[in-house]
Amino acid sequence: MSSHVATKKVFKLIAEEAYRQKYGLEMIPSENYVSADVLKALGSILTNKYSEGFPGRRYYGGNEVIDKIENYAVDLAKKLFGVPAAFVQSYSGSPANMAITMAVCEPGDVVMGLALSSGGHLTHGAHLSFSSIFYSAVNYSVGKDWKIDFKELETLAKKHKPKLIWVGTTAYPFKLDYKKFRKIADMVNATLVADCSHITGLIIGGVHESPVPYVDIVMTTTHKTLRGPRGAMILITERGLRKDPEMKGKIERAIIPGIQGGPHNHQTAAIAVSLEEALKPSFKKYAAQIAKNASVLAKELGTVSETHLILLSLTKYGYGMGYQAQYALEEAGITVNKNTIPGEPASPFYPSGIRLGTPALTSRGMKGSDMIKIAGWIKRVLEEIRGLDLPKEQDKRKDFLKEVKKEIHKNKNLKIIRKEVEKFAGKFPVPGIK
Ligand SMILES: Cc1ncc(COP(=O)(O)O)c(C=O)c1O
């Protein structure tokens, strides 16, 4: 294939994806729409440059401008969070968490994080993740009320004496009590690290309390509620530097040569642009609207949210309905993800819930009244899959879901809903898409 044909193909596919992003309802809570300026920086010639090392200490020449860009991004990050040290080179959230773990722990040390099945992240000690392969992972969980069980957390911490405790979530609709985490971390002299990837925008906007006064280190991805490019930042707090004055060097060495090579300078520049945007007063309004929208949507769907996301149990529609719901909603132009619910009654692969959120919709200017309409479509879609319960016998599930997908694909009511959704969504501008 000539490069011209290949390029044409790629741009045709990008146009197809732009259509999907514009005419659908993007409700995966970890996603967002970046601004045209963020896209411009991300698509810039900065991608051409190699800059292994840190500003003023690079392995290659020609980094005079790159140094200024990285220093600017670091300064903005420090200002936005009120911290003495920031790092912006991690390629994404998972390598940033790996760098923190390497900086704080020796291989085999105990790390503690919220269980995946309770809404935690893979890198906080989940099975098959580096965090449980190279470290001794202990997981705490949520109780019957779906909230973090601090009694269990304290008991586990006292028993296992973790070197590092993670406070951070990926599918948890409640606010986090950092003070309680700090108390437990102090009992066992653990380094407390907040991974606020999902809720950073809410913290900057003042909707959620900042973890900075309570924790030693903060990690955040930059592409979720913060509305920047894919990437991550690591921040050390005053408290963290007091606990370990060597931490800055340890984190630098973990990033390079520990894990990474050359930083993605186009990404660093785009992070700087998104941090400039997050420092504007309009970002506070945006953050407040994300939470307002999530709260309205949750109420309409019969549950609660104190964040940007909703974890919806579908047990009232049948057994193991998450997969069927994700597929049917996608057919109707609504993108969510299937998710386990605490105490999952079905299976991690074919779970009983869905996870959905409002950051991307809010970036398009949608408000509470729009959430009521969207909840209406979601409920209509869920009625269409009622009765399509997952077989209890594991060997029947694959064939069953193949048939269910065919059935859902042919469903006339879902096609009607899709038309309504497309007409509605198309009216809202998408930042970065003409
Ligand atoms: C809490 C949390 N930490 C870390 C990550 C990892 O980020 P990435 O997907 O950029 O590696 C995620 C991503 O979903 C997350 O939710």
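Every number for a ligand or one of its atoms is a count from 1 in the order of the listing. Atoms considered below: every heavy atom in the structure, side chains included; atoms not considered: hydrogens, waters and symmetry mates. Keep in mind that what you see is a predicted model, and the values were worked out from it rather than measured.
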Side-chain heavy-atom pair His160, Val188 within 4.5 angstrom cut-off: no
Would you say the side-chain atoms of Thr358 and Asn293 include a donor-acceptor pair closer than 3.5 Å? no
With under 30° as parallel and over 60° as perpendicular, where do the rings of Trp166 and His124 fit, or are they tilted in between? parallel
Hey, what's the ring geometry for His264 with Tyr91, parallel, tilted or perpendicular (30° and 60° as the breaks)? parallel
Please list all pairs meeting ring pair (Phe, Tyr, Trp, His ring centres under 6.0 Å) that have one or both residues in residues 200-257, counting only residues at least two apart or in different chains. none
Taking only heavy atoms of the protein into account, state which residues are under 4.0 angstrom from an atom of ligand 1, in chain and number order. Ser92, Gly93, Ser94, Asn97, His121, Thr169, Thr170, Asp195, Ser197, His198, Met219, Thr221, His223, Lys224
Take Gln89 and Glu70, measure what side chain to side chain donor-acceptor pair (under 3.5 Å) needs, and give me the verdict at the end. CA-CA 9 Å; Gln89 286 193 17; Glu70 187 168 332; 3.0 Å; yes
